[in-house]
Amino acid sequence: MMTIYLIGFMGSGKSTVGKVLGGRIRGGHADTDVFIDAQYGTISEIFRIHGENTFRKYESAALENLSAEHEIVSTGGGIVERQKNISLMKANGVIVYLQTAFTEIQSRLMHDTERPLWNTDMEKKEKLFRRRSQLYQGCADIAIQTDQKTPDDIAGEIQEAVEKFLAANKG
């Protein structure tokens with residue numbers, strides 16, 4: 001079974017689009033953040049009590065668990081922070097980068113207080129965004145621009161792009 005991995009910065013729509021895409025292709029959808037929350041506690045709690053490194057270990061474990069069982073996996077924004085995660089995604093499926101402008105992310109996360117790495121000063125957010133954008137672009141098989149689009153439109157674009165990608169990369 002091939003898995004479609006949705007990657008991108010926090011607020012890019014990975015969880016929402018993943019659910020919509022799962023409905024469109026009648027495939028199983030899972031979310032690494034939801035898995036972590038169910039297995040280990042809330043992300044903000046993990047960051048506060050155990051730190052980011054522990055969270056990244058849980059995130060890698062979630063990715064390994066979910067990859068074998070689901071056609072679509074929405075990942076956390078930092079999944080690309082570990083090379084082993086990128087390698088696992090490359091080996092098991094197609095990586096789709098939901099590319100979103102920083103201004104759009106700001107708008108979407110304006111009232112979000114639950115994301116530990118977002119609730120910091122603007123300079124740190126922009127630096128993290130720029131660094132991760134390079135990581136996403138470097139490992140993605142497909143990039144889909146999400147600004148000003150509905151989750152359904154994005155899911156449709158992903159479905160079409162994945163079909164083209166798979167047809168072009170047969171054998």
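Computed from heavy atoms alone, side chains included, the values below leave out hydrogens, waters and symmetry copies.
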- Task: Ignoring hydrogens and angles, tell me if any N or O in the side chain of Lys14 forms a donor-acceptor pair with the backbone of Gly8 under 3.5 Å.
- Result: yes

- Message: The test is side-chain hydrogen bond (donor to acceptor under 3.5 Å, both in side chains); show your working for Thr32 and Tyr58 and say whether it passes.
- Response: CA-CA 9 Å; Thr32 58; Tyr58 294 163; over 6 Å; no

- Please round to the nearest 0.5 Å and tell me the distance separating atom NZ of Lys127 and atom NZ of Lys124. 9.5 Å

- Residues which pass side chain to side chain contact (heavy atoms under 4.5 Å, CB included) with Ser87, listed by chain and number, not counting sequence neighbours: Gln83

- Task: Quick one: list whatever passes salt bridge (charged side-chain N to carboxylate O under 4.0 Å, His left out) with Asp153, sequence neighbours left out.
- Result: none

- Query: Transitively linked via ILVMFWY side-chain contacts under 4.5 Å: Ile72 with Phe165?
  - Reply: yes

- Message: Tell me every residue that passes salt bridge (charged side-chain N to carboxylate O under 4.0 Å, His left out) with Lys90, counting only those two or more places apart in sequence or in another chain.
- Response: Asp141

- Query: Any side-chain heavy atom of Ile86 sitting closer than 4.5 Å to one from Val80?
  - Reply: yes

- Message: Tell me every residue that passes side chain to side chain contact (heavy atoms under 4.5 Å, CB included) with Glu157, counting only those two or more places apart in sequence or in another chain.
- Response: Ile144, Lys149

- Glu59 and Arg82: CA distance, side-chain angles, deciding distance, salt bridge (charged side-chain N to carboxylate O under 4.0 Å, His left out) verdict: CA-CA 10 Å; Glu59 190 173 52; Arg82 290 186 160 195; over 6 Å; no

- Are more than 12 heavy atoms from other residues, nucleotides or ligands located less than 6.0 Å from atom CD of Glu160? no

- Roughly how far, to the nearest 0.5 Å, is OG1 of Thr3 from CG of Asn92? 6.0 Å

- Message: If the condition is side-chain hydrogen bond (donor to acceptor under 3.5 Å, both in side chains), which residues does Gln148 pass it with, not counting sequence neighbours?
- Response: Glu104

- Task: Give a yes-or-no answer on whether the side chains of Ser60 and Asn85 include a donor-acceptor pair shorter than 3.5 Å.
- Result: yes

- The complete set of ring pair (Phe, Tyr, Trp, His ring centres under 6.0 Å) pairs with one or both residues in residues 122-156, sequence neighbours excluded, reads Phe9-Phe129, Tyr97-Tyr136, Phe102-Phe129

- Query: Considering only heavy atoms from C-beta outward, does the side chain of Gln39 approach that of Asn65 to under 4.5 Å?
  - Reply: no

- Within a strict 4.5 Å, meaning less than it, do heavy atoms of the Lys125 and Met10 side chains meet? no

- Note on the structure: Sequence neighbours excluded, the answer for side chain to side chain contact (heavy atoms under 4.5 Å, CB included) partners of Leu166 is Met2, Val94, Val162

- Query: Shortest non-hydrogen contact from Tyr40 to Ala61?
  - Reply: OH-CB, 4.0 Å

- Message: How long is the straight-line distance from CD of Gln99 back to CD1 of Ile142, given to the nearest 0.5 Å?
- Response: 13.0 Å

- Item | Ile7 and its side chain to side chain contact (heavy atoms under 4.5 Å, CB included) partner, picked from Val73, Val96, Ile95, Leu98 | Ile95

- Sorted by chain and number, sequence neighbours left out, salt bridge (charged side-chain N to carboxylate O under 4.0 Å, His left out) with Asp31 holds for none

- Within-4.5 Å side-chain heavy-atom neighbours: Glu71 and Ile4: no

- Task: Begin with the C-alpha distance, continue with both residues' side-chain angles, and end with the deciding distance and a verdict on salt bridge (charged side-chain N to carboxylate O under 4.0 Å, His left out) for Glu52 and Lys57.
- Result: CA-CA 9 Å; Glu52 184 175 358; Lys57 288 178 188 172; over 6 Å; no

- Would you say the side-chain atoms of Asp147 pair up with the backbone N or O of Ala101, donor to acceptor, closer than 3.5 Å? yes

- Message: Measuring only between side-chain heavy atoms, which start at C-beta, is Ile43 closer than 4.5 Å to Asp33?
- Response: yes

- Query: Can you pull the salt bridge (Lys or Arg N to Asp or Glu O under 4.0 Å) pairs that have at least one residue in residues 36-48, sequence neighbours excluded?
  - Reply: none

- Item | Stepwise side-chain hydrogen bond (donor to acceptor under 3.5 Å, both in side chains) test for Ser15 and Ser74 | CA-CA 5 Å; Ser15 297; Ser74 298; 4.9 Å; no

- Of all residues at least two apart in sequence or in a different chain, which pass the side-chain hydrogen bond (donor to acceptor under 3.5 Å, both in side chains) check with Thr75? none

Below 3.5 Å, can you tabulate the donor-acceptor pairs from side chains in residues 17-28 to any protein atom, sequence neighbours excluded?
| from | atom 1 | to | atom 2 | distance (Å) |
| --- | --- | --- | --- | --- |
| Arg24 | NE | Gln159 | OE1 | 2.9 |
| Arg24 | NH1 | Asp152 | O | 3.4 |
| Arg24 | NH1 | Asp152 | OD1 | 3.2 |

- Query: What residues, two or more places apart in sequence or in another chain, satisfy side chain to side chain contact (heavy atoms under 4.5 Å, CB included) together with Glu64?
  - Reply: Lys84, Leu88

